[in-house]
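First the structure, in the form of C-alpha cells, and then the observations on it.
By convention in this document, chain letters (A, B, ...) are assigned in the order of the sequence lines, proteins followed by strands, and residues within each chain are numbered from 1.
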Protein chains: 2
Amino acid sequence: MLKEERQQTILNEVELHNRILLTDIAESLDVSIDTVRRDVKELDAENKLKRVHGGAISLGFTNKNTRNTNIYALEEKMKIAKKATTLLKDGAVIFIDGGTTCLELVRSIPDNLHLTCFTISLPVAMELSHKPNITVISIGGQVSKESQISIGANAIHNLSEIKVDYSFIGTGYVDAVYGLTEFDWDIVQIKKAVIKASKKTVLLSISEKLNSQHRYKTCDINAINTMITELDPEDSLLGAFKSLDIRIL
Amino acid sequence: MLKEERQQTILNEVELHNRILLTDIAESLDVSIDTVRRDVKELDAENKLKRVHGGAISLGFTNKNTRNTNIYALEEKMKIAKKATTLLKDGAVIFIDGGTTCLELVRSIPDNLHLTCFTISLPVAMELSHKPNITVISIGGQVSKESQISIGANAIHNLSEIKVDYSFIGTGYVDAVYGLTEFDWDIVQIKKAVIKASKKTVLLSISEKLNSQHRYKTCDINAINTMITELDPEDSLLGAFKSLDIRIL
DNA sequence: TTAAAAAATGCAAAAAACAGCAAAATGAAA
DNA sequence: TTTCATTTTGCTGTTTTTTGCATTTTTTAA
C-alpha cells in the first residue's frame, strides 16, 4: 500500500467518524503503530486533521464556527437531510442528535414549520436558535469535547423525563447484524436514553457507515423505525436491512 | 511497445484504480522499473498524475482543506477579560455567563488552568469545549433566541442544585443606586439563580453600561462582590461605586 | 504519587529513487 | 541498405525514503 493512499484512508476515517485511534487504524491497515503515528504527524503538519494523544480528530470539531467549515460527504448528507424533512409535521416535538448530518437536517428545516426541538448538541442548538418558529430546548450535562454534545448522568436524567414524537439520530457505525455501535461509551449511554425517550427513532447515516461496527453497542437495528441514507431504497447495499423496518429514499 | 502507448496505459490504470505501484506496472508491461519510473516522472511533469513514493495516484485523489481563523478583538472586553483571569485559581469551579464579554473571558483563560465551568450560554460552552483542562457543564433549558442562553424553569432548577466558587456574569445595565437591571424578564430570573448559586459574584461590564438602568432588576449592587471594567480603578466614572465592593484594574 | 499508555528517539533493514553509463532501438540521410 | 546521431532502455552502484523495532521520555489517568 502506498503512503499517500494510507494517509488518504486515515483522513477519510477522521472525517467520517470525527475521531480515530491510532491503534485501530494500525490494525485495520495492517501497519505498525509507528507508521500511523508518522502519517498522522504529517497530516497534522499539513493542517488536514488535529493530532491528539492517542489518535486524531477532525478539524471540523476544533474549528470555532461550524458554519463555514468543510463537512465530509456534504452532498450525501444534504440528500439525507432533505429526505428527513419529509417526516417533519407542523407542531411536532422532536429530538435532534449531534453530528454533521443532523446539523444538515437542521439547516434543511423549512422556515414555515413550527417545531419543538430537543437536542444535546451545542452546534445543533445554536443553529436551531437562528430558525424562526422553532422552540429550542437544550439538554444540559457535561460537554464532550470531541463531539460537543451533553453526556453524563444529568443529561440522561433529563432525557428520561421527556417523550418526543420523533428522534433523529446519527451513529458512528451501523450494521444489520450488530446494530448501532459507537467508539465512545458515554455516547452510547446518551443515545440509549434518547431512543428510550422517543416514540419513533429515525437513523440518519451515510452509506459509508453501513456494514461497519465498533466496540460499544447502542441498540439493535430493529430499535430503529426508519433509516435514511443517501442511497436509492433498492440499492444492493441496503439488502441486509430489508427484512426489518422502513427505509426511505 | 511504443513509449506513448505505454504511458497511456499507465494513465488508464491510474484513472481506473486511483493508484498504481511501479512494480506492478513494470511487471504487467514487461519493462524495467526504471522505464516505468521515467514514464511516471514525465506524466507527473505534465500534470497528468501525481507521482508518489513507490507509485502514482490520480490527481482527483487529493483532499482540499480550508481553514479560516476569524478573530475579531474588542479592546475593552479583552482588557476586562484579562483582568478577570487573575481571579482564576487552579481547580476552581466557576460559572460563566453569556454575552460577548464573558466569551472574551473564556478565550483569555490560560491553557494550564484546570477548571470546572458551568454555563448557560451555548457559544461559551462551545468555546470552552475547545480548551484543554477544562470540564464543561452546560445548563440545559429553553434556548433564548436573542442571547443563545438557556432560560426557564428547568435551567433555574438546575442552577439551584449547584454552588460554584465564582460566577462571572454580565448585565444589560448597571447603576450604583438601582443595581443590575435587564431588558428581559426571563434573563433576570436566570441571573438571580446564578447569583444564588455562587459563593462570589464577579460582574464584567464595559464602562458604557455604567450608570444606566432598565425595567427589571436582577439584584442590588452589593450582591456583586467584584466589578471589573476596562477603566482604571481611580477613574471618576467609578466614583459612585467606591463605597461598596472590590473593583480591579 | 505511581503505573500504564502513548510519543519521541535512534537505528537498521528493505524498498525505492537517483545518477551515470553503455547497449539497443530508432530515424534520417546518403 | 548502410551510416551515424539521437533517443530510449536496462544495468550498476549509491543515496534517500520508508518502515518496524527497541529504548527512553512524556503524557494520561487512577
Side-chain angles (χ1 to χ4, degrees), chain A residues 1-11 13-14 19-46 48-57 62 142-146 151-153 183-187 189 214-216, chain B residues 1-11 13-14 17 19-46 48-57 61 90-91 110-116 129-137:
Chain A
M1 170 176 267
L2 294 171
K3 182 180 157 191
E4 321 290 327
E5 190 186 357
R6 200 178 53 234
Q7 293 190 351
Q8 191 60 48
T9 306
I10 294 172
L11 268 183
E13 282 294 300
V14 169
R19 46 145 70 168
I20 53 164
L21 287 182
L22 297 193
T23 52
D24 288 345
I25 295 295
E27 191 182 349
S28 71
L29 294 183
D30 198 31
V31 290
S32 81
I33 193 148
D34 302 76
T35 301
V36 179
R37 187 170 290 124
R38 273 184 279 243
D39 285 338
V40 168
K41 201 171 181 178
E42 282 181 29
L43 291 168
D44 179 73
E46 293 166 21
K48 303 265 188 169
L49 48 71
K50 173 119 191 279
R51 188 180 178 216
V52 296
H53 193 90
I57 58 177
T62 64
Q142 184 164 343
V143 176
S144 158
K145 286 184 184 299
E146 294 79 23
I151 57 175
F183 169 92
D184 187 306
W185 176 251
D186 288 318
I187 290 179
Q189 304 315 311
H214 214 278
R215 278 200 183 90
Y216 306 120
Chain B
M1 171 174 279
L2 295 175
K3 185 179 164 189
E4 292 294 323
E5 188 183 350
R6 199 178 52 235
Q7 293 193 351
Q8 192 55 53
T9 307
I10 293 173
L11 268 183
E13 283 294 301
V14 169
H17 298 116
R19 80 204 136 102
I20 53 164
L21 298 180
L22 296 195
T23 51
D24 288 348
I25 295 296
E27 190 180 353
S28 71
L29 295 184
D30 197 31
V31 290
S32 82
I33 192 136
D34 302 77
T35 301
V36 181
R37 185 170 292 123
R38 272 184 277 246
D39 284 339
V40 167
K41 203 169 183 177
E42 283 181 28
L43 291 168
D44 179 72
E46 293 166 22
K48 304 298 283 176
L49 48 70
K50 179 156 181 233
R51 185 184 179 216
V52 298
H53 192 92
I57 58 176
F61 218 64
D90 201 63
D111 281 351
N112 60 346
L113 276 182
H114 296 69
L115 297 171
T116 300
S129 74
H130 298 128
K131 288 254 168 189
N133 303 325
I134 292 189
T135 302
V136 188
I137 294 145

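Using a 4.5 Å cut-off on side-chain heavy atoms (C-beta onward), Met1(A) and Val31(A) make no contact. Within the 4.5 Å cutoff, the side chain of His53(B) has no heavy atoms near those of the Lys3(A) side chain.
For Arg38(A) and dT9(C), the shortest distance from a side-chain N or O to OP1 or OP2 is not below 4.0 Å.
Where Asp34(B) and Leu2(B) meet DNA chain C, the nucleotide closest to each residue was compared, and Asp34(B) sits on the side nearer the 5' end.
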* Check step by step if side chain to side chain contact (heavy atoms under 4.5 Å, CB included) holds for Ile57(A) and Val14(A). => CA-CA 6 Å; Ile57(A) 58 177; Val14(A) 169; 5.7 Å; no

* To do: Please step through side chain to side chain contact (heavy atoms under 4.5 Å, CB included) for the pair Tyr216(A) and Ile187(A), ending with a clear verdict.
  => CA-CA 9 Å; Tyr216(A) 306 120; Ile187(A) 290 179; over 6 Å; no

* Please assess Thr135(B) against Leu115(B) for the test side chain to side chain contact (heavy atoms under 4.5 Å, CB included), listing each intermediate value before the final yes or no. => CA-CA 6 Å; Thr135(B) 302; Leu115(B) 297 171; over 6 Å; no

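Summarising the geometry, the separation between NZ on Lys3(B) and P on dG27(C) is reported as 12 Å, rounded to the nearest angstrom. Rounded to whole angstrom, the span from the NE2 atom of His53(B) across to the C1' atom of dA17(C) amounts to 7 Å.
Near DNA chain D, defined here as any heavy-atom distance below 4.0 Å, the residues from residues 21-33 of chain B are Val31(B), Ser32(B), listed numerically.
The CD1 atom of Ile137(B) sits 10.5 Å away from the CD1 atom of Ile151(A) when rounded to the nearest 0.5 Å. Residue Leu49(B) holds its CG atom at 6.5 Å from CD1 of Ile20(B), rounded to the nearest 0.5 Å. Of the inter-residue distances, the one linking Gln7(B) atom CD with Lys48(B) atom NZ reads 11.0 Å to the nearest 0.5 angstrom.
Counting any heavy atom pair closer than 4.0 Å across all strands shown, Val40(B) reaches no nucleic acid atom. When heavy atoms are screened at a 4.0 angstrom cut-off, Val52(A) is found touching the sugar-phosphate backbone but no base atom.
Note that the first and last nucleotides of DNA chain D, 5' to 3', having any atom under 4.0 angstrom from a heavy atom of chain B are dT8(D) to dT18(D).
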